[in-house]
Amino acid sequence: KPKLFFIQACQGSVGHPAVTVKEDSFGHLETDAVPPHSIPDQADILVGMATVEDYECYRCRETGSIYIQCLCEKMKLLCPLRKDLITILTEVNKEVGRKVLNGWKQMPKITSTLRKQFIFQVPQCQSTEKQQN
């Protein structure tokens, strides 16, 4: 069974500076889908960190962690659409990375050894209720 960890913690004491970048074009990625006979002991682990090594992360006293709030919002929005967890976390990275927090940036980090897409199963009654509201 996959093990999922979402960690809200600074990994340093330095604010993350902003850099200017140009939009890039992204190619298609391919994956090999050969079923293994056994798996490594470190397989199927995903760690979502609020920030990369050596940098601070931010939390609002009233609303809580910027990272966790964004993660919850994206999961509410994208899980009923059957988006996989890596796609959701990439959207979290994009949104958190856009914000300016106390004059600094924050860049979440995804570390994954998942061997398959991880899609949360949303019960039909919940997704139907939300669509009706």
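As a basis for the values below, the full set of heavy atoms in this structure was taken, side chains included, without hydrogen atoms, waters or symmetry mates.
Residues Ile45 and Val47 have side chains in contact (heavy-atom distance under 4.5 Å, counting atoms from C-beta outward). Residues Leu85 and Ile119 form no side-chain contact, since every pair of their non-hydrogen atoms from C-beta on lies 4.5 Å or further apart. Within the 4.5 Å cutoff, no side-chain heavy atoms of Lys83 are placed close to those of Glu91. Side chains of Ile7 and Tyr67 form no contact here, defined as non-hydrogen atoms less than 4.5 Å apart. Proximity of Asp44 to Phe118: side-chain heavy atoms (C-beta onward) are nowhere separated by under 4.5 Å. Side-chain contact between Glu95 and Lys74 is present, with at least one heavy-atom pair separated by less than 4.5 Å.
Taking a cutoff of 4.0 Å between a charged side-chain nitrogen and a carboxylate oxygen, Glu73 and Lys76 do not qualify as a salt bridge.
When each of Leu101, Thr51, Leu71 is paired with Ile66, the side chain to side chain contact (heavy atoms under 4.5 Å, CB included) condition holds for Leu101 and for no other.
The shortest non-hydrogen separation linking Met75 to Ile88 is CG-CG2, 3.9 Å. Heavy atoms only, all atoms of each residue included: Val122 and Pro80 are closest at CG2-N, 3.9 Å. Minimum interatomic distance between Lys109 and Asn93 (heavy atoms only, all atoms of both residues): N-OD1, 4.3 Å. Summarising the geometry of Phe120 relative to Cys79, their closest heavy-atom pair is CD1-SG, 3.7 Å, with the distance given to 0.1 Å. For Gln106 against Ala50, the heavy-atom pair with the smallest separation is NE2-O, 2.9 Å. Leu46 and Leu89 make their closest contact through CD2-CD1, 3.7 Å (heavy atoms, listed as atom of the first residue, atom of the second, distance).
A side-chain donor-acceptor contact under 3.5 Å links Ser65 and Gln8. Defined by atom type and a distance below 3.5 Å, a donor-acceptor pair is present between the side-chain atoms of Glu56 and Tyr58.
Criterion: ILVMFWY side-chain heavy atoms under 4.5 Å apart, direct or through other members. Under it, Val92 and Leu77 are part of a common hydrophobic cluster. Under the 4.5 Å side-chain heavy-atom criterion for ILVMFWY residues, no single connected hydrophobic cluster contains both Val96 and Val52.
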Exercise for the section: Step by step, work out the side chain to side chain contact (heavy atoms under 4.5 Å, CB included) result for Gln11 and Met49. Expected result: CA-CA 9 Å; Gln11 295 201 67; Met49 295 292 297; 3.3 Å; yes
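Asn102 places no side-chain N or O within donor-acceptor distance of the main-chain N or O of Trp104, the cut-off being under 3.5 Å. Gln69 places a side-chain N or O within 3.5 Å of a backbone atom of Thr63 that can act as its donor or acceptor partner.
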